[in-house]
Amino acid sequence: VQLQASGGGLVKPGGSLRLSCAASGFSLDRVAIGWFRQGPGEEREGIVCYSGRADTTSYEDGAKGRFTFSRDKGKNIVYLDMNSLKVEDSAVYYCAVRKVGLCGLMDLWVHAADVWGQGTQVTVSS
């Protein structure tokens with residue numbers, strides 16, 4: 001049971017990136033999938049969560065408008081499209097899963113998530 005996050009890199013302010021999170025060993029159909037990020041010296045923060053049980057997507061306030069969650073059911077992969085990137089978006093980005101299938105409070109995922117991906121570094125710099 002693994003999650004593999006990828007797609008990070010160096011991008012200029014105003015640029016875009018697409019992150020991917022591929023699941024192996026289980027299906028993403030009925031779980032809750034969250035994207036998180038953690039900047040240097042900061043706590044891990046939630047970005048967006050998709051509930052497989054409710055078929056709903058919920059964005060944290062700071063992510064609305066610039067970040068978009070999507071999924072490819074056939075490939076068991078989810079994506080995070082990030083646009084109009086800012087220097088302060090620089091962080092390690094993680095995906096995680098809760099098998100219960102509901103999002104709940106993303107602040108609790110640090111202890112409540114069942115699986116975490118290894119993280120992918122996003123650096124926004126000119």
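This is a predicted model, so every value here is computed, not measured. Residue numbers count from 1 along this sequence.
- Of all the heavy atoms in Ser16 and Ser84, the pair that sits closest is OG-N, 4.4 Å.
- Between Cys95 and Leu3, the shortest heavy-atom contact is O-CD1, 3.8 Å.
- Closest approach of Cys103 and Ser51 over heavy atoms only: SG-N, 3.8 Å.
- Between the CZ atom of Arg30 and the CG atom of Asp55 there is a distance of 9.5 Å, given to the nearest 0.5 Å.
- If you chain together hydrophobic residues whose side chains sit under 4.5 Å apart, Val78 and Val97 fall into the same group.
- The number of heavy-atom neighbours closer than 6.0 Å to CD of Glu43, taken from other residues, nucleotides and ligands shown, is 12 or below.
- In this structure, the separation between OG on Ser20 and CD1 on Ile77 is 6.0 Å, given to the nearest 0.5 Å.
- Panel note: side chain Gln38, backbone Glu45; no donor-acceptor pair is recorded below 3.5 Å.
- The backbone N or O of Leu19 lies less than 3.5 Å from no partner atom in the side chain of Asp81, so there is not a single donor-acceptor pair.
- The hydrophobic clustering, which links ILVMFWY residues whose side-chain heavy atoms are closer than 4.5 Å, places Val48 and Leu17 together.
- With hydrogens and angles disregarded, a donor-acceptor distance shorter than 3.5 Å links the side chain of Asp89 to the backbone of Lys86.
- The closest donor-acceptor contact from the side chain of Asn76 to the backbone of Leu28 lies under 3.5 Å.
- A distance of 14.5 Å separates CD1 of Ile47 from NZ of Lys64, quoted to the nearest 0.5 Å.
- One finds a salt bridge joining Asp29 and Arg71 here, because a Lys/Arg side-chain nitrogen approaches an Asp/Glu carboxylate oxygen to under 4.0 Å.
- Going from atom OH of Tyr79 over to atom SG of Cys21 covers 10.5 Å, rounded to the nearest 0.5 Å.
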Assess whether side chain to side chain contact (heavy atoms under 4.5 Å, CB included) is satisfied between Ser70 and Arg18, documenting all intermediate values. CA-CA 10 Å; Ser70 61; Arg18 164 172 272 201; 4.0 Å; yes
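- Between Leu10 and Ser125, the shortest heavy-atom distance links the atoms CD1-CB, 4.1 Å.
- Within a 6.0 Å radius of CD in Gln121, more than 12 heavy atoms belonging to other residues, nucleotides or ligands are found.
- Nearest heavy atom pair, residue Val87 against residue Ser90, reads O-OG, 2.9 Å.
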Given Arg98 and Asp114, is the salt bridge (Lys or Arg N to Asp or Glu O under 4.0 Å) satisfied, shown in steps? CA-CA 5 Å; Arg98 289 191 69 190; Asp114 295 296; 5.5 Å; no
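- Both Val1 and Ile33 are assigned to one and the same hydrophobic cluster, defined by single-linkage of ILVMFWY side chains at heavy-atom distances under 4.5 Å.
- Distance alone, capped at 3.5 Å, places no donor-acceptor pair between the Thr120 side chain and the Ser6 backbone.
- Phe36 pairs in a ring-ring contact (aromatic ring centres under 6.0 Å, His included) with only one of the listed residues (Tyr94, Phe67, Trp116), which is Trp116.
- Val110 is not connected to Val100 by any chain of hydrophobic side-chain contacts under 4.5 Å among Ile, Leu, Val, Met, Phe, Trp and Tyr, and they are in different clusters.
- Under the 4.5 Å side-chain heavy-atom criterion for ILVMFWY residues, a single connected hydrophobic cluster contains both Met82 and Tyr59.
- A side-chain donor-acceptor contact under 3.5 Å links Arg37 and Tyr93.
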Kindly determine whether Tyr50 and Phe69 satisfy ring-ring contact (aromatic ring centres under 6.0 Å, His included), including the steps that lead there. CA-CA 8 Å; Tyr50 170 79; Phe69 174 92; 5.5 Å; yes
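- Pairing each heavy atom of Pro13 with each of Ser126, the nearest pair is CD-N, 3.7 Å.
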